Novice: 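Below is one structure. I have some questions about it.
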There are 2 protein chains.
Amino acid sequence: MRRDVFQAIADPTRRAIIHMLASKPMNLNAIAEQFSISRPAISKHIKILAECDILHIRQQGRERFCTSKLENLQPVKDWLTQYEIFWNQKLDALAQHLEAPPGNDNKESQS
Amino acid sequence: MRRDVFQAIADPTRRAIIHMLASKPMNLNAIAEQFSISRPAISKHIKILAECDILHIRQQGRERFCTSKLENLQPVKDWLTQYEIFWNQKLDALAQHLEAPPGNDNKESQS
DNA sequence: TTATTATGTAATCGAATGGTTACAAATATA
DNA sequence: TATATTTGTAACCATTCGATTACATAATAA
């Protein structure tokens, strides 16, 4: 099962969860209340985000407080940054930097 | 069918295609040759990227030349930017900016 | 005209995704 | 202790995803 930050943020519900946790930690039920889908569904999304280390879970009694670790969105930022210069029209300067063998922009396989 | 930039870049093959096209336009067969998967599979990926306007297809005779439109990765950059301040430790200044109703960080529905 | 080339698309398939309900377990409260 | 609360997880389901093979079509080349 592929599990990476790009896949994690692909789902709009997960992005909404990230958004909620950006400002304050919340426990799972508090998060789930904000959505129309079921608590187990939210639980799964939380699990995926935790596996990608985008959020941290602190167990406190029977509650689990989720805190976002937004700095782990860095791979996405890095990925974008390498192309940013292109959409700023400065095409030629970095062209040879991207002449590297294709498919090497990440560590995953191609299929 | 959900079709947005976040979903488009979630697939590693599509990211590799984006990478290849960043430096130079290529036609579909030339792209497909760089991968071990079949041409129709690449064709579908290209279609998805085109639907998200991440690449532009120029028909020239029987060939279709693909050019990346990296500037349309902007929604991802924007999404990241709103959180960037958080992973730079400046948490409180922007906290109230994110007190907006959750799930409003994008135009998609939550399920 | 007859290949050959470049590409799209339909049909199909297995696996992954995103959701559900039902239940179990651990902690807190009455 | 009995009950309520918070959560995880198993079983299941429909849909989507990413891939395949087979075929069709349009443009170029021989």
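Chain identifiers are assigned alphabetically (A, B, ...) following the order of the sequence lines, protein sequences preceding nucleic acid strands; residue numbering begins at 1 within each chain. In this text the structure is predicted, and so the values were computed from the model without any measurement.
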Novice: When the distance from NZ of B:Lys47 to C1' of C:dT7 is rounded to whole Å, what number comes out?
Specialist: 12 Å
Novice: Who pairs with B:Arg58 by side-chain hydrogen bond (donor to acceptor under 3.5 Å, both in side chains), at least two apart in sequence or on another chain?
Specialist: B:Gln60
Novice: Can you list the residues that meet the side-chain hydrogen bond (donor to acceptor under 3.5 Å, both in side chains) rule with A:Gln59, with sequence neighbours excluded?
Specialist: A:Arg64
Novice: Considering residues at least two apart in sequence or located in another chain, which fulfil the side-chain hydrogen bond (donor to acceptor under 3.5 Å, both in side chains) criterion with B:Glu63?
Specialist: B:Asn27
Novice: Looking at OG1 of B:Thr67 and CG of B:Leu55, how far apart are the two atoms once the value is rounded to the nearest 0.5 Å?
Specialist: 8.0 Å
Novice: Nearest whole angstrom, please: distance from the P of D:dC17 to the CD of A:Gln7.
Specialist: 12 Å
Novice: Using the 3.5 Å cut-off, write out each protein N or O paired with an N or O of nucleotides 13-15 of chain D and the distance between them.
Specialist:
none

Novice: Base, sugar-phosphate or nothing for B:Gln60? Non-hydrogen atoms, less than 4.0 Å.
Specialist: nothing
Novice: Does A:Asn29 have a side-chain nitrogen or oxygen under 4.0 Å from the phosphate oxygens OP1 or OP2 of D:dT5?
Specialist: no
Novice: Among all residues two or more places apart in sequence or in another chain, which pass the side chain to side chain contact (heavy atoms under 4.5 Å, CB included) test with A:Cys52?
Specialist: A:Arg3, A:Ala8, A:Ile54
Novice: Taking the side chain of B:Asp11 as heavy atoms from C-beta outward, which of D:dG18, D:dA19, D:dC17 is closest to it?
Specialist: D:dG18
Novice: For B:Thr81, check side chain to side chain contact (heavy atoms under 4.5 Å, CB included) against everything at least two apart and list the hits.
Specialist: B:Lys77, B:Glu84
Novice: Would you kindly compare A:Ile57 and B:Gln59 by the position of their nearest DNA chain D nucleotide and give the one closer to the 5′ end?
Specialist: A:Ile57
Novice: Can you measure A:Phe6 atom CZ to C:dT17 atom C1' for me and round it to whole angstrom units?
Specialist: 20 Å
Novice: So, is B:His45 close to the D:dC17 phosphate, meaning a side-chain N or O under 4.0 Å from OP1 or OP2?
Specialist: no
Novice: Grab the CZ-C1' distance between A:Arg14 and C:dG19 for me, whole Å please.
Specialist: 12 Å
Novice: Expressed in angstrom and rounded to an integer, what is the separation of A:Ile31 atom CD1 from D:dT6 atom P?
Specialist: 13 Å
Novice: Roughly how many Å is it from CD1 in B:Ile42 to C1' in C:dA6, rounded to a whole number?
Specialist: 15 Å
Novice: For the pair made of CD1 in B:Ile48 and C1' in D:dC17, what is the distance, rounded to whole Å?
Specialist: 8 Å
Novice: So, B:Asp78 and B:Gln74: side-chain donor and acceptor under 3.5 Å apart, yes or no?
Specialist: yes
Novice: Assign a letter to each nucleotide of nucleotides 20-26 of chain D from its 5' end: B, base within under 4.0 Å of a protein heavy atom; S, sugar-phosphate only; -, no contact.
Specialist: BBB----
Novice: What residues form a side-chain hydrogen bond (donor to acceptor under 3.5 Å, both in side chains) with A:Asp53, not counting sequence neighbours?
Specialist: A:Lys69, A:Asn72
Novice: Hey, could you give me each pair passing side chain to side chain donor-acceptor pair (under 3.5 Å) that has a residue in residues 37-50 of chain A? Not counting sequence neighbours.
Specialist: A:Arg14-A:His45
Novice: Starting at atom CG of A:Asn27, determine the distance to atom P of C:dT27, rounded to an integer number of angstrom.
Specialist: 16 Å
